[in-house]
Amino acid sequence: MDRSSQSNEWEQTRLIRIHPLTWLMGALAAAVGMFAEALCLLTIIFVHELGHAAAAKFCGWRIVKIEFLPFGGKLETNEHAGRPLAEEWLVVLSGPFMHMPLAAAFFCLLHTGVVEPDVYSLLIQLNVLILLFNLLPVLPLDGGKMILLLLSAVRPYYDAYRMAIHCSFFMLVCLFGAAIYVLPFYLQLLLTVSYITVQLLTMWKEKEYMFIRFLTARFYEPVQLRMLHIHTGSRQLLMETVRQLHRNRTHLFMVDRRVNITEYELLTHFFQGKKRVDEIIENND
């Protein structure tokens, strides 16, 4: 077996990964006698992420990995917001959908005598808990992704991404405040909020990088969508112009109402380092 084959097999075996902190929390759960609860939780998260992965595979997405994190799971792909919104809606909703067949499976296990009523009650509670947690309107949870998709349907991608992060920060503060008021303060809540806060800060820090990845996907893997006409001026900066790109549209730019520039032409000159729209017109002339 050559090295390339060995490398491919290694990558396949690494498709499912477990974060080091997840191992640590599992060890702590075992130490305090909660290993069964942790195992049930991990199983539900695994089925949830399999729902995302199955939908992504159905849409032809390139799956990088499924990672188990201390507070949930994460499906990572190579699509970078370059696919139609309908596909991403399918991928996002497929995870929460899996909690319904899971509940049905738990019910069958109870009535066939495979699990005891107390175990069934635990499974149902964990199933509902994970579903509701994932539906919170905070990135990077599924509920936050739904907010981003809704914003992306009516706003340019760059604006939608920024607004979704702002909304997530606001909702996180509100939910954390409500949780402290309603529930007794405990370490798990603090760790969960801290983890999500770090993820949001990272997303904000990398917003320009994520936007360039979006533009790269639009340029190298274009998808034909409904046309959107955008009026722009010849003196406008190209960076400002490309920030008007929507996820769910193919664009035609009308410069000073006299010259048309396609999305492909715009991105070609943007990646060539051009600064203003009039440089594209001069090049075409």
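Keep in mind it's a predicted model, so treat the numbers as computed, not measured.
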Plane angle bin for His52 and His48 - parallel if under 30°, tilted between 30 and 60°, otherwise perpendicular:
perpendicular

Under 4.5 Å side-chain heavy-atom separation, chaining through any Ile, Leu, Val, Met, Phe, Trp or Tyr, what else clusters with Leu150? Say none if it is isolated.
Leu85, Trp89, Val92, Leu93, Leu131, Leu135, Met146, Leu149

Please evaluate residues Tyr158 and Glu208 with respect to the criterion side chain to side chain donor-acceptor pair (under 3.5 Å), reporting the C-alpha separation (whole Å), side-chain torsions for both, the decisive distance (0.1 Å), and the verdict.
CA-CA 9 Å; Tyr158 184 78; Glu208 301 296 336; 2.5 Å; yes

Determine the minimum heavy-atom distance between Leu139 and Leu200, stating which atoms define it.
O-CD2, 3.4 Å

Is there a side-chain contact between Val277 and Leu238 in this structure, where contact means two heavy atoms from C-beta onward sitting under 4.5 Å apart?
yes

CZ (Phe271) with more than 12 external heavy atoms under 6.0 Å
yes

Between Asp159 and Arg243, is there a side-chain N and carboxylate O pair less than 4.0 Å apart?
no

Hydrophobic cluster identity match, Phe58 and Phe97, side-chain contacts under 4.5 Å:
no

Polar side-chain atom of His251 near backbone of His246 as donor-acceptor pair, under 3.5 Å:
yes

Taking all non-hydrogen atoms of both residues, which atom of Ser234 and which atom of Asp256 are closest, and how far apart?
OG-OD2, 2.9 Å

Answer yes or no: is there a side-chain heavy-atom contact under 4.5 Å between Met98 and Leu50?
no

Under a 3.5 Å distance rule, please check whether Glu88 uses its side chain to pair with a backbone N or O of Pro84 as donor and acceptor.
no

Hey, are Arg62 and Glu76 close enough for a salt bridge, meaning a charged N less than 4.0 Å from a carboxylate O?
no

Counting neighbours of CD on Glu206 that are heavy atoms of other residues, nucleotides or ligands and sit closer than 6.0 Å, is the number greater than 12?
yes

Please report the interatomic distance CD1(Ile44) to CG(Leu39), rounded to the nearest 0.5 Å.
10.0 Å

Please say yes or no: joined through hydrophobic side-chain contacts below 4.5 Å, possibly via intermediate residues, are Val259 and Leu237 part of one cluster?
no

Is Trp61 close to Arg83 at the side-chain level, that is, under 4.5 Å between some pair of heavy atoms?
yes

Polar side-chain atom of Ser168 near backbone of Ala164 as donor-acceptor pair, under 3.5 Å:
yes

For the residue pair Leu123 and Cys40, what are the closest heavy atoms and their distance?
CD2-SG, 3.5 Å

Check: Arg276 and Gln236 side chains under 4.5 Å, non-hydrogen atoms:
no

Closest heavy-atom pair, Val91 versus Ala55, reported as atoms and distance to 0.1 Å, is CA-CB, 3.8 Å

Can you say whether the rings of Tyr157 and Phe211 are parallel (under 30°), tilted (30 to 60°) or perpendicular (over 60°)?
parallel

Main-chain N/O of Val255 paired with Thr232 side-chain donor or acceptor, under 3.5 Å
no

Distance check, rounded to the nearest 0.5 Å: Ile261 atom CD1 versus Leu266 atom CG?
6.5 Å

Hphob cluster co-occupancy, Phe270 + Tyr220, side-chain heavy atoms under 4.5 angstrom
yes

Starting at CZ of Arg226, measure out to OG1 of Thr250 and round the result to the nearest 0.5 Å.
10.5 Å

Please assess Tyr120 against Leu109 for the test side-chain contact (heavy atoms from CB on, under 4.5 Å), listing each intermediate value before the final yes or no.
CA-CA 8 Å; Tyr120 169 76; Leu109 290 176; over 6 Å; no

Apply the test side-chain contact (heavy atoms from CB on, under 4.5 Å) to residues Phe176 and Val138: give CA-CA distance (whole Å), side-chain angles for both, the deciding distance (0.1 Å), then the verdict.
CA-CA 12 Å; Phe176 184 56; Val138 178; over 6 Å; no

Just checking Phe107 against His111, ring centres under 6.0 Å apart?
yes

Got a donor-acceptor contact below 3.5 angstrom from the Glu265 side chain to the Thr262 backbone?
yes

From CA spacing to verdict: side-chain contact (heavy atoms from CB on, under 4.5 Å), Ile230, Leu252
CA-CA 6 Å; Ile230 297 179; Leu252 182 66; over 6 Å; no

Just verifying a value: how many Å separate Phe46 CZ and Leu102 CG, rounded to the nearest 0.5 Å?
11.5 Å

Of all the heavy-atom pairs spanning Met171 and Pro137, show the shortest one and how long it is.
CE-CG, 3.6 Å

So which atom in Leu148 and which in Ala160 form the shortest heavy-atom distance, rounded to 0.1 Å?
CD1-O, 3.6 Å

Under 4.5 Å between side-chain heavy atoms, hopping through other hydrophobics if needed: is there a path connecting Leu132 to Leu122?
yes

State, with a plain yes or no, whether a side-chain heavy atom of Met163 is found less than 4.5 Å away from one of Arg155.
yes

Heavy atoms of other groups near Lys57 NZ, more than 12 under 6.0 Å:
no

Pair Arg162, Trp204 - check side-chain contact (heavy atoms from CB on, under 4.5 Å), show working.
CA-CA 7 Å; Arg162 288 166 55 95; Trp204 180 259; 3.8 Å; yes

Are Leu245 and Glu263 packed together at the side-chain level, in the sense that at least one heavy-atom pair is separated by less than 4.5 angstrom?
yes

Please report the interatomic distance CD1(Ile165) to CE(Met210), rounded to the nearest 0.5 Å.
9.5 Å

Does the side chain of Arg218 reach to within under 4.5 Å of the side chain of Tyr264, using non-hydrogen atoms?
no

Gap separating the CG atom of Leu110 from the CG atom of Asp118, nearest 0.5 angstrom:
10.0 Å

Grouping I, L, V, M, F, W and Y whenever their side-chain heavy atoms are under 4.5 Å apart, do Ile212 and Phe219 come out in a common cluster?
yes

Note, Ile196 side chain near Leu141 side chain (heavy atom, < 4.5 Å)
yes

